[in-house]
Amino acid sequence: LNPKQADGHILLGLTHLQAEHYDKAVEAFEMGILHNPGSADLYFNLGTAYDKLNRFDDVVRAMEKTLQLDAAHADALNYLGYSYADRGIKIEEALSLTKRAVALKPANGYYVDSLGWAFFRMGLMKEALTEIQRAITLAGDDPVIFEHLGEAYFRRGNVEGARRSWERALQLDPERLTTREKLDQLTP
């Protein structure tokens, strides 16, 4: 009824994302942007839809546009920073972005995990362990965070810590094949 309001486009796009209709989500967010070119939230959600379609260059462009419109968009800072860290690219930028996200929302365990993962990718294991452990305290039981904790423990030579962390990740999500493979490699 009112295409100039971003909320309807966001709701429609998020509904398509939940239904795993990623192309339709992209269409909804793009239509919203046509009517609301200054909406950082539309660009952010467009980026998440692109991510579901494995269109990483488009993810980066959408997140950069989000941050151009709203430099304090914590979700976009974290999303882009974690995306870089997870792919092992632009690690210094990943660290900078995740630090900014955590500064905006220091109690967000997922942002803290992203920061820890950026430290991990930089090879700063002490800092990585500190932040990932803090992330677990803040976010609770999340299999990805426990997998990250296992990685940090393993890299520091704490095989038992890695084993416990990966076992916990599998308790939370038994379908995590990469975690299962890591755990199997520890077993003689």
Side-chain angles (χ1 to χ4, degrees), residues 1-91 93-118 121 135 138-148 169-170 172-179:
L1 294 174
N2 191 349
K4 298 237 182 255
Q5 290 185 345
D7 292 345
H9 299 285
I10 291 172
L11 179 60
L12 178 60
L14 291 175
T15 301
H16 285 305
L17 277 176
Q18 286 290 327
E20 299 181 4
H21 301 147
Y22 304 130
D23 288 320
K24 288 184 178 186
V26 166
E27 289 175 21
F29 296 132
E30 287 176 340
M31 182 59 71
I33 288 168
L34 279 175
H35 295 289
N36 305 277
S39 172
D41 288 335
L42 278 166
Y43 278 100
F44 171 76
N45 285 294
L46 177 61
T48 65
Y50 284 145
D51 197 18
K52 296 293 187 183
L53 293 168
N54 296 312
R55 293 171 52 181
F56 184 66
D57 291 341
D58 292 325
V59 172
V60 171
R61 278 191 287 280
M63 294 302 161
E64 287 176 344
K65 182 64 176 179
T66 302
L67 294 171
Q68 180 184 24
L69 293 169
D70 179 2
H73 197 289
D75 288 338
L77 289 165
N78 181 67
Y79 205 99
L80 187 55
Y82 181 79
S83 294
Y84 286 153
D86 201 46
R87 286 169 176 78
I89 62 173
K90 298 185 178 185
I91 301 303
E93 187 173 349
L95 185 61
S96 173
L97 291 164
T98 56
K99 279 183 176 180
R100 287 171 53 198
V102 170
L104 290 167
K105 295 186 178 181
N108 186 311
Y110 301 100
Y111 293 3
V112 173
D113 175 61
S114 296
L115 176 59
W117 198 235
R121 291 296 193 176
L138 294 168
D141 286 339
D142 182 276
V144 173
I145 299 174
F146 275 99
E147 184 169 347
H148 290 166
L170 284 173
L172 296 168
D173 181 3
E175 303 300 314
R176 296 191 66 77
L177 296 178
T178 57
T179 306

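From a predicted model like this one, the values you see are computed outputs, not experimental measurements. Values below: every heavy atom of this structure, side chains too, minus hydrogens, waters and symmetry copies.
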Quick one, D70 and T66 - any side-chain contact, counting heavy atoms below 4.5 Å? no
Has T48 got a side-chain atom pairing as donor or acceptor with N45's backbone, closer than 3.5 angstrom? yes
Nearest 0.5 Å, what's the CG-CD1 distance between D86 and I89? 10.0 Å
Just so I know, are the side chains of L77 and T98 near enough to count as touching, which here means a heavy-atom distance under 4.5 Å? no
With a 4.5 Å cut-off on side-chain heavy atoms, are L12 and H16 touching? yes
Could you verify whether a donor N or O on one side chain and an acceptor N or O on the other, from Y111 and D75, lie under 3.5 Å apart? yes
Any N78 side-chain heavy atom under 4.5 Å of L97 side chain: no
Locate the shortest heavy-atom distance separating H73 from A40; write the atom from each residue and the value. CD2-CB, 4.0 Å
Measuring only between side-chain heavy atoms, which start at C-beta, is T15 closer than 4.5 Å to L11? yes
Any idea which heavy atoms bring L67 and A76 closest together, and the distance? CD2-CB, 3.8 Å
Taking all atoms of both residues into account, what is the closest heavy-atom pair of A62 and L46, and its distance? CB-C, 4.5 Å
If I take atom CZ from residue F29 and atom NZ from residue K24, how far apart are they, to the nearest 0.5 angstrom? 14.0 Å
Any side-chain heavy-atom pair from L34 and M31 closer than 4.5 angstrom? yes
How long is the gap from CZ on R87 to CZ on R121, to the nearest 0.5 Å? 10.5 Å
Which atom names give the shortest non-hydrogen contact between A101 and A74, and what distance separates them? CB-O, 3.8 Å
With a 4.5 Å limit on heavy-atom distance, are the side chains of N108 and V102 in contact? no
Looking at CG of L170 and CZ of R176, how far apart are the two atoms once the value is rounded to the nearest 0.5 Å? 8.5 Å
Nearest heavy-atom neighbours spanning V26 and A49: CG2-CB, 3.7 Å
Quick one: pull up OG in S83 and CE in M63 and give me the separation to the nearest 0.5 Å. 7.0 Å
One should read off an interatomic distance between D142 CG and D113 CG, to the nearest 0.5 angstrom, of 7.0 Å
Mind checking whether D173 and F146 have side chains closer than 4.5 Å, heavy atoms only? no
Give a yes or no answer on whether the side chain of R100 reaches the backbone of A71 with a donor-acceptor pair at less than 3.5 Å. yes
Would you call the rings of H148 and Y82 parallel, tilted or perpendicular, taking 30° and 60° as the class edges? tilted
Return the minimal non-hydrogen interatomic distance between L172 and P143, and the atom names on each side. CD1-N, 3.8 Å
Which of parallel (below 30°), tilted (30 to 60°) and perpendicular (above 60°) describes F44 and Y79? perpendicular
